[in-house]
Amino acid sequence: MLRARKRVAVEVEKHSPLRYPHRLNFYDQPPQGEITIEEFEICALDRLRILAEIESSYARNRPWDELKKYTLEQCKKYLHLDASSATLQDVDSQRRKDHIGHFVLRLAFCRSEELRRRFVKAETTLFRIRFEDDDRKEREDFLQSRQFSWTPVMKDEVEQYAEQLKAAASTYLPPKDQVDLEKEKYCKVHWTRVPDLIEKRKVFLRHGMAYVPSKEQASIVYEEFQRNLENALLVTLKHLPRLDEDTRIVPLLDNLSQGFLAGVSSEWASATTAANGDEITAEMIDELARKHFPMCMRHLHDTLKRDKHLKHFGRLQYGLFLKVLGLSIEEALAFWRRSFSGMTDDKFNKEYKYNIRHSYGLEGKRANYAAKSCQQILLSDQPGPQDSHGCPYRHFSLDNLQTALLSMYSSQGLTVKDLPEIVAQVKSGHYHVACTRVFEITHAAEGVRKGEGVGGGESVTHPNQYAARSRELEKKIKEEADGDITMS
Ligand code: SF4
């Protein structure tokens with residue numbers, strides 16, 4: 001995490017009321033002025049959470065309404081944009097954050113064709129969701145503020161092609177309704193600008209021009225947004241070498257793009273604190289692992305029990321996870337000592353105790369180390385054949401993964417029938433989506449439905465988030481049961 005409040009030469013607009021008149025933005029101009037590295041990073045990370053969730057929604061084949069609902073929930077949390085009429089809110093600050101985040105991500109995602117393609121798809125989806133969700137008046141003001149280079153179709157031309165226009169309308173209107181050509185407003189654009197409407201035969205075509213009814217004009221707007229962004233990313237790519245020497249920004253951009261490629265946006269917010277404030281003890285870990293751990297931690301726990309030992313990266317991944325779960329240093333020392341039952345006290349004290357205390361910030365630099373996020377586990381310190389750290393969804397063979405899933409989670413409701421869906425996500429590289437699906441299946445008895453993820457449709461981005469949510473659900477069920485007993 002970059003903490004320095006140094007100024008970077010990124011131009012950002014100085015804040016002033018209603019500098020951004022519209023909630024919707026085509027991002028034609030880069031931000032102007034100065035921003036701090038921290039702001040640069042926060043704006044990008046918060047936007048990335050939303051784009052990563054959009055990608056996850058596509059990977060999970062969510063219907064459009066569901067994708068929109070979950071994306072809007074994420075936007076509310078991380079990138080809320082109020083209407084211009086919300087006079088009590090600082091709408092300009094919200095829009096400035098949106099503006100900066102978009103441009104930082106352009107820098108991060110212009111660098112390969114794969115990244116550009118995925119970024120354009122996620123950004124165009126976000127724009128479409130906001131466009132559909134915007135209030136009608138503000139949306140019209142926005143459309144009028146731009147030149148969309150479409151030609152209005154005059155009344156006499158509408159009359160001339162009335163029959164063809166009615167025939168095209170029959171594809172998008174219910175059979176009982178007829179298009180009212182007196183009221184309907186059409187515009188003409190070159191057919192290449194509305195490929196989706198052509199594909200669905202929703203428009204009348206003549207001399208290479210598509211006649212688009214008002215209801216479908218949004219398609220032109222989305223297509224133009226997408227085309228502009230594709231071109232802008234190529235322009236950004238050309239200018240990127242100038243940034244190569246900036247040692248503050250380049251690692252940050254690398255981190256952002258790697259996270260997006262791994263399908264995971266960022267670290268879970270509570271990664272350095274105990275998940276729900278409850279301390280846990282060494283005795284509780286066996287049971288917690290069985291009920292609440294994601295596969296990566298369950299595998300480390302099982303390996304530790306079997307081998308009475310874990311290699312360095314495994315200890316690091318598991319130890320920090322347990323720390324954030326609420327295991328105090330005293331309990332951690334007791335847990336690891338008991339787990340390494342095949343060695344003498346002397347060896348344990350000499351070779352392991354220091355490292356355990358170090359991870360709690362009690363030795364060396366005395367830093368408060370955060371537990372590793374899915375992004376870090378998926379991308380760094382790749383495990384070798386003898387290692388047990390890493391993410392099983394990514395690092396196990398498909399055969400081993402399926403066997404391990406059944407052995408770990410069949411007591412929580414996972415069956416052979418669930419495997420093809422999980423394997424399909426793994427094959428397409430959406431490891432955390434596979435993990436999220438396993439969470440949903442193994443918590444179905446607690447009322448978690450497909451698509452809900454770890455709450456509000458969110459996907460798993462951190463092992464501690466998985467465990468914390470799982471424990472929360474158990475606590476809730478218990479409280480409800482206790483309430484029922486008291487009532488009766
Ligand atoms: Fe662990 Fe994350 Fe992999 Fe799930 S997706 S197993 S939480 S690293």
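Just the heavy atoms: all of them, side chains too, but no hydrogens, waters or symmetry mates, feed the values below. In each ligand, atom 1 is the first atom listed, and ligand 1 is the first ligand listed.
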Novice: Nearest 0.5 Å, please: how far is CZ in Arg315 from CG in Asn355?
Specialist: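 Output value for this atom pair is 6.0 Å.
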Novice: Taking Tyr352 as the fixed residue, which of Trp336, Phe340, Phe335 is the one that meets the ring pair (Phe, Tyr, Trp, His ring centres under 6.0 Å) rule?
Specialist: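 Running ring pair (Phe, Tyr, Trp, His ring centres under 6.0 Å) over Trp336, Phe340, Phe335 with Tyr352 returns exactly one hit, Phe340.
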Novice: Hey, which of His389, Lys372, His301 is the one that makes side-chain hydrogen bond (donor to acceptor under 3.5 Å, both in side chains) with Tyr318?
Specialist: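 Testing each of His389, Lys372, His301 against Tyr318, the sole residue satisfying side-chain hydrogen bond (donor to acceptor under 3.5 Å, both in side chains) is His301.
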Novice: Does the side chain of Pro463 reach to within under 4.5 Å of the side chain of Ile377, using non-hydrogen atoms?
Specialist: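 Yes; the side chains approach each other to less than 4.5 Å.
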Novice: If you measure from the Lys or Arg side-chain nitrogens to the Asp or Glu carboxylate oxygens, is any gap between Arg437 and Asp418 under 4.0 Å?
Specialist: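 No, no charged N to carboxylate O under 4.0 Å.
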Novice: Under 2.8 Å from atom 4 (Fe) of ligand 1, which protein N/O/S atoms are there?
Specialist: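 Hits for atom 4 (Fe) of ligand 1 below 2.8 Å: Cys435 SG.
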Novice: For Phe131 and Phe225: C-alpha separation, side-chain torsions, deciding distance, then whether ring-ring contact (aromatic ring centres under 6.0 Å, His included) applies.
Specialist: CA-CA 11 Å; Phe131 188 89; Phe225 180 90; over 10 Å; no
